[in-house]
Novice: 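Input: one structure, supplied below.
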Amino acid sequence: MTSEYTEVFRDTDAVEKYENVTYAPDSYASRINERQRSYLRTLVRREFPEHPPVQHDFACGTGRAIRALHGLVREAHGYDTSGEMMAKAADVGSRAYWHQVPIDGPVPAPVPAGFPALVTIFRLLLNVNDGVRDRALAFAAKALPHRGSGLLVVENHGNSGSLRHLRARRHDGERWFAELSHEQVERLLNRHGFEIVERRGFSMLTPSLHDSRLARVADAAARRFPGTDGYAVNVLYTARRVHA
């Protein structure tokens, strides 16, 4: 959703690496993805028991969030600046209508597809500037114009209140190391008329600890205690529009 992102993912090798290396089976990212999938499916069944929502996945990449909800939404729409990423999404079996959006200019409009709706924004907020974050949330506000329209789920995969923060000084100034606090995410959502109704963390571990069996056992145990979501590295925020 920035010119840099679009340039990187016009390279098919970069797209393949993202899908098959970053999300290789049993990798750190794929384990978190499995937990998120379970959460999302439970969320949709609970919140939309009678009328399946339409999914609008902004910055859809290779369609992980879309694949997570196959069979539980009445249709899905993926929006991205990279046509190569969306082509890969279709190639790996993500079932959706694909919409390439410009990197700047007016906020893209969601396809009119009725309500209820579920907007998903995964793996975007952390590594973009405030302007792109506002653009993504402005899109969500268009798709969810009032409180009864549906739900928004956004991901922060670099919570500054987690163990990952211990690496911040070492990576100071590096383009691909960034952090967001819960308060920053909440302010962003509030600015666009959303309030957080649920927060869920998915791992207390950083990637460097992923291969330690003892650390993974401790992580699984810690995530069962109330309040530990605030210290997770990877967090999902579920929100609704404030306005009736």
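Any value given below was found using the heavy atoms of this structure, including those in side chains, with hydrogens, waters and symmetry copies removed.
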Novice: If the condition is salt bridge (charged side-chain N to carboxylate O under 4.0 Å, His left out), which residues does D134 pass it with, not counting sequence neighbours?
Specialist: R191
Novice: Once side chain to side chain donor-acceptor pair (under 3.5 Å) is applied, do any residues pair with N234, and if so which ones, sequence neighbours excluded?
Specialist: Q36, E155
Novice: Tell me the closest heavy-atom pair linking F139 and V107, and the distance in Å.
Specialist: N-CG1, 3.6 Å
Novice: For C60, is there any backbone N or O sitting under 3.5 Å from a side-chain donor or acceptor partner on D80?
Specialist: yes
Novice: Quick one: salt bridge (charged side-chain N to carboxylate O under 4.0 Å, His left out) partners of E47, sequence neighbours excluded?
Specialist: R240
Novice: Return the CG to NE2 distance between N190 and H192, rounded to the nearest 0.5 Å.
Specialist: 10.5 Å
Novice: Could you walk me through whether H146 and R241 pass the side chain to side chain contact (heavy atoms under 4.5 Å, CB included) check?
Specialist: CA-CA 6 Å; H146 54 80; R241 287 300 295 274; 5.6 Å; no
Novice: Side-chain contact test, heavy atoms from C-beta onward, threshold under 4.5 Å: evaluate it for S160 versus L180 and give yes or no.
Specialist: no
Novice: For S38, what residues pass the side chain to side chain donor-acceptor pair (under 3.5 Å) criterion, not counting sequence neighbours?
Specialist: none
Novice: Under the side-chain contact (heavy atoms from CB on, under 4.5 Å) test, which residues partner A117, sequence neighbours left out?
Specialist: V54, H56, F115, L144
Novice: With heavy-atom distances below 4.5 Å as the criterion, would you say the side chains of P108 and R135 are in contact?
Specialist: yes
Novice: Residues two or more places apart in sequence or in another chain: which of them pass ring pair (Phe, Tyr, Trp, His ring centres under 6.0 Å) with H99?
Specialist: H77, Y79
Novice: Sequence neighbours left out, what passes salt bridge (charged side-chain N to carboxylate O under 4.0 Å, His left out) with R133? Give chain and number order.
Specialist: D130
Novice: Calculate, to the nearest 0.5 Å, the distance between atoms OG1 and CG belonging to T120 and L69 respectively.
Specialist: 7.0 Å
Novice: So, K88 side chain and G61 main chain: donor-acceptor pair closer than 3.5 Å or not?
Specialist: no
Novice: Would you give the length of the straight line joining atom CG of L118 to atom CZ of R74, rounded to the nearest 0.5 angstrom?
Specialist: 11.0 Å
Novice: Determine the minimum heavy-atom distance between G78 and A96, stating which atoms define it.
Specialist: N-CB, 4.3 Å
Novice: So do the side chains of I196 and L189 get within less than 4.5 Å of each other, counting heavy atoms only?
Specialist: yes
Novice: Treat each ILVMFWY residue as a node, draw an edge where side-chain heavy atoms are under 4.5 Å apart, and state whether L152 and V197 are in one component.
Specialist: no
Novice: Search all heavy atoms of F122 against all heavy atoms of R64 and return the closest pair with its distance.
Specialist: CB-NH2, 4.0 Å
Novice: Check the pair L124, H157 against side chain to side chain contact (heavy atoms under 4.5 Å, CB included), reporting the backbone distance first and the verdict last.
Specialist: CA-CA 9 Å; L124 174 71; H157 63 289; over 6 Å; no
Novice: Among residues at least two apart in sequence or on other chains, which ones pass side chain to side chain donor-acceptor pair (under 3.5 Å) with S94?
Specialist: R67
Novice: With sequence neighbours left out, what residues match E198 under side-chain contact (heavy atoms from CB on, under 4.5 Å)?
Specialist: Y39, R46, R200, T238
Novice: Quick one: list whatever passes salt bridge (charged side-chain N to carboxylate O under 4.0 Å, His left out) with R41, sequence neighbours left out.
Specialist: none
Novice: What is the distance from atom CG of L137 to atom CD1 of I121, rounded to the nearest 0.5 Å?
Specialist: 5.5 Å
Novice: Which heavy-atom pair separates K142 from P110 by the least distance, and what is that distance?
Specialist: CB-CD, 3.7 Å
Novice: Once rounded to the nearest 0.5 Å, what's the spacing between atom CG of N159 and atom CG of L126?
Specialist: 10.0 Å
Novice: If you define the side chain from C-beta out and look only at heavy atoms, does anything of F48 sit under 4.5 Å from L72?
Specialist: no
Novice: Is V73 reachable from Y97 through a run of hydrophobic residues whose side-chain heavy atoms are each under 4.5 Å from the next?
Specialist: no
Novice: Taking all heavy atoms of G63 and all of A89, pick out the closest pair and write down the distance.
Specialist: N-CB, 3.9 Å
Novice: So, do T81 and I103 sit near enough that their side-chain heavy atoms are less than 4.5 Å apart?
Specialist: yes
Novice: Can you check whether Q55 reaches H70 side chain to side chain, under 4.5 Å on heavy atoms?
Specialist: no
Novice: Distance check, rounded to the nearest 0.5 Å: L43 atom CG versus L151 atom CG?
Specialist: 6.0 Å
Novice: Once salt bridge (charged side-chain N to carboxylate O under 4.0 Å, His left out) is applied, what residue pairs with a partner in residues 181-190 remain, sequence neighbours excluded?
Specialist: none
Novice: Are R199 and Y237 in a cation-pi contact, defined as NZ or CZ under 6.0 Å from the six-membered ring centre and within 45° of the axis?
Specialist: no
Novice: Kindly give the cluster partners of W98, where membership spreads through any ILVMFWY side chain lying under 4.5 Å from a current member.
Specialist: I66, M86
